[in-house]
Amino acid sequence: MMLEPDLTELVDFARRNSPYYRALYAGVATDGPIRAEDLPIIDHASFWKANTVKDNRVLTARHDDGVVFKTGGTVNSPKLTVYTRAELHDMARLQGDGYAAAGLRTGDRVANLFYAGELYASFLFNVLCLQETCVPVVHLPIAGSPSPEVMADLIIEQEATVLLATPTTASQVASRLTARGDSAPAVHLFLFGGEAFYDDQRRLIADAFPNAVVRSLGYASVDAGVLAAPVQDEPDARVHRVHRLQKLMEIVDDETGDPIREPGRPGRLLATDLVRRLMPLIRYPVGDRAAWIDYDDRRFRLLGRADDGARVGPVTVYLEDLRLVIEELAGDQPIAGFQAVQRRRDSKDELVLRIGGQINDPQPLAEAISARFDELRPMFGEHVRAGLINPLLVEFVPADMIKVNPRSGKIVRLLDERVAS
């Protein structure tokens, strides 16, 4: 059994130098050892209320050297995360060291399709990681701003052998290639990050990049940093191993916050950074759910976002449930992604499941998905029959009609098109 780390030094440092942590830990004993379970879980609302550009109460010192990043995704008001130059360098080296294990080869021509600018991290960070990796490669800084058509042209023109991208961006490029009867067989590796890669996207990627192995870049977030590495020769891209010298990762019960150590039981992920000091993160909810595969080896499987749910009338529909239905029924159809859209029709809430890709005979699949969802979520069907909400509407659209965040390139999983009266 691996011993839990002693957080006494980290907690004492944060408490002495950060007004936010001083208040948060007012009731925590000062005599060690301090374990993670002795500490409160960070509340996002209070943390980000204190972690502001002016009059910051989280930081332990002035930020005079380093970088500022903005978090993206579905947050309506993106928030800022800061790193010192040394912290960023160490994090890039940690991530870059994993590229060889992920399959990067000497002389690879790496197409970086991540998004740049407006304080977003993904493109810049992968530039730094490619500089730090031990594998000599050629960097193709295409970025995520060109159209999928232009990206596809550059990948072929520049003879790219590796793609770095979100699954959404890679799927859009793949759709353009297959739509024009083209492919990029020189690509032997697709390293994804920023969002989950699902089996329903695998066929589309395989058609456009027939020789590409799909692997995770690693598990990371802008605010929490690089958290875990992909496991070599592991076929499930959702499986990662914690960077144990730098991070403490916990899985806790969704309701009680009690720690989970047994394999297979899902819960929400907490991150503690053991080395960062300017902006400490201690028991910070990263927003994902996971389950341990092997607690002692710190291997876990990601299970989707912790807060991905649409409220349709009085019924909560979790997007992970919708994804599982698509995966079960779509077979080998080339799915580029999906999003849930909330609307109002006939004075009732309506949930639209929008699926991107070129689907053969979509109507039977749409009916099967709707019926299967009613089986898995009977409360939804009961409220439909009671006239309280509209039935699930399944629509199929071209891949480029799936709405993405223009800054990060990630699918906007949940759109709310309801207009308040």
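Note that the numbering runs from 1 along the sequence shown for the chain.
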For His139 and Phe123, take the angle between the two ring planes, folded into 0 to 90°, and tell me which bin it lands in: parallel under 30, tilted 30 to 60, perpendicular over 60.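 Geometry flag for Phe123 against His139: tilted rings.
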Answer yes or no: does atom [atom1] of [X] have more than 12 heavy-atom neighbours from other residues, nucleotides or ligands under 6.0 Å?
X: Arg265; atom1: CZ; result: yes
X: Asp55; atom1: CG; result: no
X: Arg180; atom1: CZ; result: yes

State whether [X] and [Y] are salt-bridged, where the test is any N-O pair (Lys NZ or Arg NE/NH1/NH2 against Asp/Glu carboxylate O) under 4.0 Å.
X: Arg372; Y: Glu375; result: yes
X: Arg93; Y: Asp97; result: no
X: Arg241; Y: Asp294; result: no
X: Glu149; Y: Arg176; result: yes
X: Arg261; Y: Glu37; result: yes
X: Arg268; Y: Asp254; result: no

Whether the side chain of [X] engages the backbone of [Y] through a donor-acceptor N/O pair (distance < 3.5 Å, no angle test) should be reported.
X: Asn211; Y: Pro185; answer: yes
X: Ser370; Y: Glu367; answer: no
X: Asp297; Y: Arg299; answer: no
X: Thr133; Y: Leu130; answer: no
X: Ser18; Y: Val58; answer: yes
X: Asn126; Y: Ser122; answer: yes
X: Tyr115; Y: Gly144; answer: yes
X: Asn390; Y: Arg345; answer: yes
X: Thr166; Y: Gly193; answer: no
X: Thr60; Y: Arg277; answer: yes

Geometric cation-pi criterion Arg215 and Phe192, 6.0 Å radius, 45° cone: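 Negative - Arg215 is either too far from the ring of Phe192 or too far off its axis.
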Cation-pi geometry met for Arg298 and Tyr295 (6.0 Å, 45°):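 Yes, Arg298 and Tyr295 form such a contact.
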Are any non-hydrogen side-chain atoms of [X] and [Y] less than 4.5 angstrom apart?
X: Trp292; Y: Phe300; result: yes
X: Met249; Y: Leu270; result: no
X: Val187; Y: Thr161; result: no
X: Leu351; Y: Val341; result: no
X: Leu269; Y: Pro285; result: no
X: Phe380; Y: Pro391; result: no
X: Trp48; Y: Asp223; result: yes
X: Leu164; Y: Leu217; result: yes

Show the nearest heavy-atom pair for residues [X] and [Y], with the distance to one decimal.
X: Leu303; Y: Ala290; result: CD1-C, 3.7 Å
X: Thr52; Y: Lys49; result: CG2-O, 3.4 Å
X: Ala271; Y: Val286; result: CB-CG1, 3.6 Å
X: Ser216; Y: His240; result: OG-NE2, 2.9 Å
X: Ile389; Y: Val312; result: CG2-O, 3.8 Å
X: Ala340; Y: Leu319; result: CB-CD2, 3.7 Å

Checking side-chain hydrogen bond (donor to acceptor under 3.5 Å, both in side chains) for the pair Arg203/Gln333: CA distance, chi angles, key distance, verdict? CA-CA 7 Å; Arg203 166 69 186 277; Gln333 300 264 31; over 6 Å; no
For Ile335 and Leu204: C-alpha separation, side-chain torsions, deciding distance, then whether side chain to side chain contact (heavy atoms under 4.5 Å, CB included) applies. CA-CA 6 Å; Ile335 302 296; Leu204 184 62; over 6 Å; no
Side chain to side chain contact (heavy atoms under 4.5 Å, CB included) evaluation trace for Leu278 with Tyr83: CA-CA 7 Å; Leu278 176 62; Tyr83 293 86; over 6 Å; no
Working to the nearest 0.5 angstrom, can you tell me the gap between [X] [atom1] and [Y] [atom2]?
X: Lys247; Y: Tyr219; atom1: NZ; atom2: OH; answer: 11.5 Å
X: Leu140; Y: Leu154; atom1: CG; atom2: CG; answer: 8.5 Å
X: Glu327; Y: Arg202; atom1: CD; atom2: CZ; answer: 9.5 Å
X: Arg35; Y: Leu7; atom1: CZ; atom2: CG; answer: 8.0 Å
X: Asp153; Y: Gln158; atom1: CG; atom2: CD; answer: 11.5 Å
X: Ile369; Y: Asp374; atom1: CD1; atom2: CG; answer: 12.5 Å

Residues which pass ring-ring contact (aromatic ring centres under 6.0 Å, His included) with Tyr25, listed by chain and number, not counting sequence neighbours: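 Here the qualifying residues are Tyr21.
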CA sep, side-chain torsions, deciding dist, call: Val352, Glu395, side chain to side chain contact (heavy atoms under 4.5 Å, CB included): CA-CA 7 Å; Val352 180; Glu395 63 180 28; 3.6 Å; yes
Between Tyr120 and Phe69, is the ring centroid distance below 6.0 Å?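 Ring centres of Phe69 and Tyr120 not closer than 6.0 Å.
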Tell me whether the centres of the aromatic rings in Phe209 and His188 are closer together than 6.0 Å.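 Centroid distance Phe209-His188: not below 6.0 Å, so no.
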Derivation of the side chain to side chain contact (heavy atoms under 4.5 Å, CB included) call for Leu415 and Arg354: CA-CA 10 Å; Leu415 294 173; Arg354 182 180 293 160; 3.9 Å; yes
I need the single residue from Leu414, Leu322, Ile411 that forms a side chain to side chain contact (heavy atoms under 4.5 Å, CB included) with Gln339. Which is it?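 It is Ile411; the other options fail the test.
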